[in-house]
Amino acid sequence: MQQLIRNGVAIDDTFAEAFGMRATAIIITAPTLKWARQAAITMTGYATSVIGCGCEAAIDVDLPPSKTPDGRPGCRVMIFAVSTDELQKQLKNRLGQCVLTSPGSACFAGMEGGTPLNLGSALRYFGDGWQISKKFGGRHYWRVPVMDGEFLCEATTGMTREAVGGGNLLLLAADAEKALVAAERAVAAIGKIPGAIMPFPGGIVRSGSKIGAKYKGMTASTNDAFAPTLSGVVKSALDPEINAVLEIVIDGETSDAVSAAMRAGLKAVIDLGPKRGALRISAGNYGGKLGKFHYHLKDLLP
C-alpha cells in the first residue's frame, strides 16, 4: 500500500468506509453542568455500536446557560440508529430511564425538522394523569410531577436521515502506551467538532472488528489483520515495529461533520509525531462495496 509521510508519520493511501444512518439530538439541562452531564452519560451508556446496542450515542457538546432553552447548564446528546422505529425506541427508553430519573433534569429538542420523534409526548403518561400540557413560544412542552418538583420535557424533537456512521481512523504504534497517547490527542481534537460524536468508551476502540466470523450467529469478529499477536499466523496489515492499534469511530450529523472530525483527528496525531504517538495512520473499509461514504485520508491531510 502506498503511503504519504507527514511529520514522520506514515499515512496509508486508503479510505474509511461509512454508512447512512438516522440521527436525532436532545438538550439536557440541570441545576449544574455536573448533573446535566451525569444524565447524558448515563443515557448514552451501552450505546457504542448498533451491532449489539441498538444505537450509537454520545455527548456532542456542553452548553452554557446562555445557549440552553431554560437558561441552565446543559449538553447536547446525539443518538444514531439504522431505522426510525429503532431510534424512537432507544430515545424513549433512554430518556425515561436515565434523564427523567436524574435530579433536576429537563429535556428539550436538540434538532429541528424531519420526522418528529416523541420526547415528552412519550413520557407524559408517567405523570399518571397529573401531567400538564404547556405551549409557549410556539413550542409544546409537558410538565410531569416528580419527587423533586417537576420534569419539564419538550413534546418532540427532530430527526435527520442525512446522518453518517462509521467514519474511522486506525492508529498504529510501537506499543500500547503510545497508541493510547495518540488516540487521546485525536479524541480531544475531534471533540471540538460540533455535530460529530465518538460513541465508544472515551472515544476509543481496542477491539476493531471485521464483518462475519467462523462461528454461527456472529455478525462481526476480531479484525485479525490488525491484531499484533496474530501477525505471524494471518495475513497481517501490520509492520514488524507495530505492536498496538487503536481505532476511533466517528458518527456525524452530516457527511461534512465526519470529514471535519477525521481531519481534526489526523492533524492531532500527525502533530504529535511518531516518537510519542502513532507511527502510522490507516482506516477501515470493506472494499467500498457496503457504505456509500468514502473518506480518503490523503484528501483530509493538513
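Sequence positions, counted from 1, serve as the residue numbers for this chain. What you see is a predicted model, and the numbers here were worked out from it, not measured in a lab. Because only heavy atoms are used, hydrogens play no part in the values below, and waters and symmetry mates are left out as well, while side chains stay in.
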Side-chain donor or acceptor of [X] paired with backbone N/O of [Y] under 3.5 Å:
X      : Y      : result
Gln131 : Gly129 : yes
Tyr215 : Ser221 : no
Arg94  : Gly45  : yes
Asn168 : Gly284 : yes
Glu17  : Lys289 : yes
Ser121 : Asn118 : no
Asn285 : Gly287 : yes
Asp239 : Ile242 : no
Ser231 : Ser236 : no

Locate the shortest heavy-atom distance separating [X] from [Y]; write the atom from each residue and the value.
X      : Y      : value
Gly127 : Pro145 : CA-CD, 4.3 Å
Ala173 : Ala179 : CB-N, 3.5 Å
Gly52  : Tyr46  : O-OH, 2.8 Å
Ser282 : Thr14  : OG-CG2, 3.7 Å
Asp148 : Gly104 : OD2-N, 3.0 Å
Phe151 : Cys107 : CZ-CB, 4.0 Å

Answer yes or no: is there a side-chain heavy-atom contact under 4.5 Å between [X] and [Y]?
X      : Y      : answer
Phe80  : Pro199 : no
Ile204 : Glu184 : yes
Val258 : Met262 : yes
Ile59  : Cys75  : yes
Val164 : Ile250 : no
Val50  : Met21  : yes
Arg280 : Gln3   : yes
Leu63  : Pro73  : no

Checklist entry - Among pairs that include at least one residue of residues 120-140, which meet ring pair (Phe, Tyr, Trp, His ring centres under 6.0 Å), considering only residues two or more places apart or in two chains? => result His140-Trp142
Next on the checklist: Leu117 vs Thr156, test: side chain to side chain contact (heavy atoms under 4.5 Å, CB included). Steps then yes/no.
Outcome noted: CA-CA 5 Å; Leu117 299 177; Thr156 62; over 6 Å; no
Checklist entry - Going by the angle between their ring planes, with limits at 30° and 60°, are Phe108 and Tyr141 parallel, tilted or perpendicular? => result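 Perpendicular: the ring planes of Phe108 and Tyr141 meet at over 60°.
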Report the distance from atom [atom1] of [X] to atom [atom2] of [Y], rounding to the nearest 0.5 Å.
X      : Y     : atom1 : atom2 : answer
Asp13  : Phe15 : CG    : CZ    : 10.5 Å
Asn93  : Met43 : CG    : CE    : 10.0 Å
Cys55  : Arg22 : SG    : CZ    : 15.0 Å
Ser105 : Arg72 : OG    : CZ    : 7.5 Å
Asp251 : Met78 : CG    : CE    : 8.5 Å
Leu91  : Glu86 : CG    : CD    : 11.5 Å

Could you check whether [Y] and [X], counting side-chain N and O atoms only, form a donor-acceptor pair closer than 3.5 Å?
X      : Y      : answer
Thr29  : Asp70  : yes
Thr42  : Gln38  : yes
Tyr295 : Ser255 : yes

Honestly curious: do [X] and [Y] fall in one hydrophobic cluster under the side-chain, below-4.5 Å linking rule?
X      : Y      : value
Ile211 : Ile51  : no
Val61  : Ile190 : no
Leu100 : Ile41  : yes
Leu300 : Leu4   : yes
Val205 : Ile197 : no

Item to check | Given Leu119, Ile79, Leu95, Ile27, the one that forms side chain to side chain contact (heavy atoms under 4.5 Å, CB included) with Thr157 | outcome: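 So the option named by the test is Leu119.
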Item to check | Among Leu171, Leu172, Ile281, Asp271, the one residue meeting side chain to side chain contact (heavy atoms under 4.5 Å, CB included) with Val9 | outcome: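 So the option named by the test is Ile281.
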Would you indicate whether [X], at its atom [atom1], is surrounded by more than 12 heavy atoms from other residues, nucleotides or ligands within a distance under 6.0 Å?
X      : atom1 : result
Glu241 : CD    : yes
Arg76  : CZ    : yes
Lys210 : NZ    : yes

Next on the checklist: Apply the hydrophobic cluster definition, ILVMFWY joined by side-chain contacts under 4.5 Å directly or through others, and give me every member besides Ile132.
Outcome noted: none
Next on the checklist: Could you walk me through whether Leu297 and Leu169 satisfy the side chain to side chain contact (heavy atoms under 4.5 Å, CB included) test, starting with their C-alpha distance in whole Å, then the side-chain angles of each, then the deciding distance to 0.1 Å, before giving a yes or no?
Outcome noted: CA-CA 9 Å; Leu297 299 186; Leu169 296 171; 3.8 Å; yes
Next on the checklist: Determine whether Val146 and Thr101 satisfy the following criterion, side chain to side chain contact (heavy atoms under 4.5 Å, CB included), listing intermediate values before the conclusion.
Outcome noted: CA-CA 9 Å; Val146 290; Thr101 58; over 6 Å; no
Next on the checklist: Could you work out, with side-chain hydrogen bond (donor to acceptor under 3.5 Å, both in side chains) as the rule, every residue matching Glu154, not counting sequence neighbours?
Outcome noted: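 Checked Glu154 against side-chain hydrogen bond (donor to acceptor under 3.5 Å, both in side chains); matches are Arg139.
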Item to check | Working for side chain to side chain contact (heavy atoms under 4.5 Å, CB included), residues Val181 and Lys178 | outcome: CA-CA 5 Å; Val181 170; Lys178 291 179 179 177; 5.5 Å; no
